[in-house]
Amino acid sequence: MLDPYRNSAEIIEASDLNYTILRPGWFTNKDEIDYEITQKGEPFKGHDISRKSLAHLIVKLAVTDGLEVRHSIGVSNPNT
């Protein structure tokens, strides 16, 4: 089921683009910002992630030069 996503990620990672691939856990609607990042190959330390947490991370990535560039990062709440 996830093969198309893996194939797309492989194409992006092989490119010359400055990318960040986000691999979030299951979304929740909780009103919280609580997340942990893991690098590709590391196990997630939680599972769920609030949409608010994911939005916080995306803004942080957008406004911070060089942050997680050319990385594939897992995003989850370590307490779930």
Review point. With sequence neighbours left out, which residue pairs that include part of residues 53-62 fulfil the side chain to side chain donor-acceptor pair (under 3.5 Å) condition?
Key: Y35-H56, S50-S53
Check your understanding: I73 versus K40: any side-chain heavy-atom pair under 4.5 Å?
Key -> no
Point to revise | pair L22-L61: side-chain heavy atoms closer than 4.5 Å | key: yes
Point to revise | Donor-acceptor under 3.5 Å (T28 side chain, D48 main chain) | key: no
Review point. In the hydrophobic clustering that connects Ile, Leu, Val, Met, Phe, Trp and Tyr at side-chain heavy-atom distances below 4.5 Å, which members other than I21 occupy its cluster, ordered by chain and number?
Key: I12, Y19
Check your understanding: What pairs meet the salt bridge (charged side-chain N to carboxylate O under 4.0 Å, His left out) rule with one or both residues in residues 61-80, with sequence neighbours excluded?
Key -> none
Practice item. Only pairs at least two apart or in different chains count here, so list each salt bridge (charged side-chain N to carboxylate O under 4.0 Å, His left out) that has a residue in residues 16-32. Key: D31-K52
Practice item. Output all residues satisfying side chain to side chain donor-acceptor pair (under 3.5 Å) with E36, sequence neighbours left out; order by chain, then residue number. Key: none
Exercise for review: Return each pair, listed once, that meets ring-ring contact (aromatic ring centres under 6.0 Å, His included) where at least one residue sits in residues 61-80; pairs must be two or more places apart or across chains.
Suggested key: none
Review point. Under 4.5 Å between side-chain heavy atoms, hopping through other hydrophobics if needed: is there a path connecting F44 to I37?
Key: no
Check your understanding: How many angstroms lie between OG1 in T20 and CD1 in I58, if you round to the nearest 0.5 Å?
Key -> 10.5 Å
Review point. Nearest heavy-atom pair of P43 and T38: which atoms, and what distance?
Key: O-CG2, 3.4 Å
Revision key, fill the gap. Of all heavy-atom pairs linking S76 and G46, the shortest is OG-N, 3.5 Å
